Colleague: 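Take this structure first; my questions come after.
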Amino acid sequence: MKIDASRQRSSIEPRQSSTTRKAAASGWIGSALEYYDWFIYAQAAALVFPGVFFPAGNPTVALIASLGTYAVGYVARPIGAFVLGQWGDKHGRKNVLVLAMLMMGASTFAVALLPTYGQVGVLAPVLLVAVRLIQGFAVAGELSGASAMIVEHAPFGRRGFYASFALQGTQAGQIIAAAVFLPLSAMLSSESFKSWGWRIPFLLSALVVFAGYMIRRRVEETPIFTEEKAHQEIPKMPIVRVLRESGLDVVRAICMTLVNVVGVTVAVFGAAYATQPGYGVGMSTTVYLWIPVLANVVALALIPLFGDLSDRFGRRPLMIFGSLSSGVLAYAYLYAVSQNNVLLTIILSILMWGTLYQVWNATFASYFQELFPARTRVTGFAISQNIGLVITAFLPSIFAAIAPPGSANVPLIIGSICFGICIIGAVAAWSARETYRIPLNQLGTPDATPVPREEYRRLRSGTR
């Protein structure tokens, strides 16, 4: 495929710095909202919802069912990816980002208003599942649209660095959520927290939505989408085109997405394993809530560094190393939890989730965007990531079913599953092509020519 010289040149010249910063800020705030929602729901599903939305009597069934409502939100994500991904490729990145944020914020706020099982019986979990499905639909277009916006505005040689800010927002969202959860769980009695205190973090999501909307309405549409639209190159059915032209890359990206098992192992199953009475570990809920906070504070500082490293050395090495190094630590992390060794659990969570996993996490958004051409970029990213997340999201319930309360060798069993899944993600990254030196207009094309290494370094040194 021959690329017009002027269009190729424009794809490697620096973008306007103020526009790049606005795009990065938009991605940051959107991801912060998404993972604020993700974290408060995940923690509530493990710590509170079993006794609020499900009948008492069998704690194992209530726990599995509660974690299942966390997972069921991801069932709607492929549907949301299909609808919102195509919307972003047909109508623009900015358009889909505003729509996704408003839907996501409204559904998160609605969780706070739901009645309990004691008030309305079986209708309570039904309503919880319904709202969770709306959340899943809405967030499916968030990171795919946000990272496309950033990558397409970023200067050549800095795409990984700027795209990493969307992932930094995910860690910030979890820190903000924990900053709300921790004082409530510490200051309120257990009865008050489970009665009404858990609702406050969901109510506060309205503030994040407002801030995000004010930023996003000021971001310009990306030049490459505008150019595609002007040349009438917008496909009528992006989903059909991405599967026909980039089907193997979709499969690779799905497999790479499974590395999210690392976060699931620490934040979701780990919380249940550490605090649910049936497992007998007996770690304090308040103490455990500090674990992801500390890990995410470290991650917040490291993510831009790893994003920059992916611009210097390539996406594939970081994707492979981050997958394998974080996955293998699942054994040690779960063992530390089983021994109720708080200090060792914190240290390993910082190393496993806050550091090594972030090597992968800081890189995947730019890498996934670069695997697909502009005309199907949002759709390709959205369906790949969200199908992978559907699989990953059910893992806490599967873990609890395979190693229920009272089981022996939980660290060995769950650690082996976690590491095995990370190996799959690493192999998928190894089989994919390198993209970091490919000009923007050539991304996703089979005969794309990387900019020579020395020329790439020269161009990169002239950007910020």
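Side chains are part of it too, since the values below use all heavy atoms of this structure and drop only hydrogens, waters and symmetry mates. Everything numeric here is computed off the predicted structure, so don't read it as measured data.
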Colleague: Going by ring-ring contact (aromatic ring centres under 6.0 Å, His included), name the residues that satisfy it together with Y436, two or more places apart in sequence or in a different chain.
Modeller: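 Only Y456 meet the ring-ring contact (aromatic ring centres under 6.0 Å, His included) criterion with Y436.
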Colleague: Can you find a pair of side-chain heavy atoms, one from E370 and one from R159, that are under 4.5 Å apart?
Modeller: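 In contact.
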Colleague: Checking L351 now: which residues fulfil side chain to side chain contact (heavy atoms under 4.5 Å, CB included) with it, not counting sequence neighbours?
Modeller: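 For L351 the side chain to side chain contact (heavy atoms under 4.5 Å, CB included) partners, ignoring immediate neighbours, are L329, L356.
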Colleague: Who passes side chain to side chain contact (heavy atoms under 4.5 Å, CB included) against P115, sequence neighbours left out?
Modeller: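 If we apply the side chain to side chain contact (heavy atoms under 4.5 Å, CB included) test to P115, skipping adjacent residues, the hits are Q119, V120, L127.
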Colleague: Listed by chain and number, what are the salt bridge (Lys or Arg N to Asp or Glu O under 4.0 Å) partners of R316, not counting sequence neighbours?
Modeller: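 So R316 forms no salt bridge (Lys or Arg N to Asp or Glu O under 4.0 Å) with any residue.
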Colleague: Does either side chain, that of S310 or that of R315, offer a donor lying less than 3.5 Å from an acceptor on the other one?
Modeller: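 The criterion, which ignores hydrogens and geometry beyond distance, is satisfied for R315 and S310.
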Colleague: List in chain and number order the residues that pass salt bridge (Lys or Arg N to Asp or Glu O under 4.0 Å) with R93, two or more places apart in sequence or in another chain; answer none if no residue qualifies.
Modeller: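 Listed in chain order: D89, E152.
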Colleague: Got L443 and P373 here, is their nearest side-chain heavy-atom distance under 4.5 Å?
Modeller: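 The answer is no; the side chains never approach within 4.5 Å.
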Colleague: Do N361 and Q171 come close enough that some side-chain heavy atom pair is under 4.5 Å?
Modeller: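 Yes, close enough: below the 4.5 Å cut-off.
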Colleague: Could you work out, with ring-ring contact (aromatic ring centres under 6.0 Å, His included) as the rule, every residue matching W28, not counting sequence neighbours?
Modeller: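 Per chain and number, W28 pairs via ring-ring contact (aromatic ring centres under 6.0 Å, His included) with no residue.
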Colleague: What pairs with Y36 under ring-ring contact (aromatic ring centres under 6.0 Å, His included), at least two apart in sequence or on another chain?
Modeller: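 Checked Y36 against ring-ring contact (aromatic ring centres under 6.0 Å, His included); zero matches.
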Colleague: Can you name the side chain to side chain contact (heavy atoms under 4.5 Å, CB included) partners of L184, sequence neighbours left out?
Modeller: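 Once residues adjacent in sequence are excluded, the partners of L184 under the side chain to side chain contact (heavy atoms under 4.5 Å, CB included) criterion are V180, L188, F193, I200, P201.
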Colleague: Residues in side chain to side chain contact (heavy atoms under 4.5 Å, CB included) with A112, at least two apart?
Modeller: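 Partners of A112 by the side chain to side chain contact (heavy atoms under 4.5 Å, CB included) criterion, ordered by chain and then number, come out as R199, F202, L203.
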Colleague: Taking only residues two or more places apart in sequence or in another chain, which ones pass side chain to side chain donor-acceptor pair (under 3.5 Å) with T226?
Modeller: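 Applying side chain to side chain donor-acceptor pair (under 3.5 Å) to T226 gives none.
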Colleague: Not counting sequence neighbours, list each pair that qualifies as a side chain to side chain donor-acceptor pair (under 3.5 Å) and has a residue in residues 248-266.
Modeller: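 Listed once each, the pairs are D249-R252, D249-R433, R252-S431, N260-Y357.
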Colleague: Does any non-hydrogen side-chain atom of I383 lie less than 4.5 Å from one of L243?
Modeller: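 They are in side-chain contact.
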Colleague: Would you call F381 and V151 a side-chain contact if the rule is heavy atoms closer than 4.5 Å?
Modeller: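 In short, these two side chains do not touch, never coming nearer than 4.5 Å.
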Colleague: Centroid separation under 6.0 Å, is that true for the rings of F372 and F368?
Modeller: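 Between F368 and F372, the centre distance exceeds or equals 6.0 Å.
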Colleague: Using the test ring-ring contact (aromatic ring centres under 6.0 Å, His included), find all partners of F137 that sit at least two apart in sequence or belong to another chain.
Modeller: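 Testing F137 for ring-ring contact (aromatic ring centres under 6.0 Å, His included), a comparison that skips the adjacent residues, returns none.
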Colleague: Heavy-atom distance under 4.5 Å between the side chains of R158 and D308, does that happen here?
Modeller: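 Side chain of R158 against side chain of D308, heavy atoms only: contact under 4.5 Å found.
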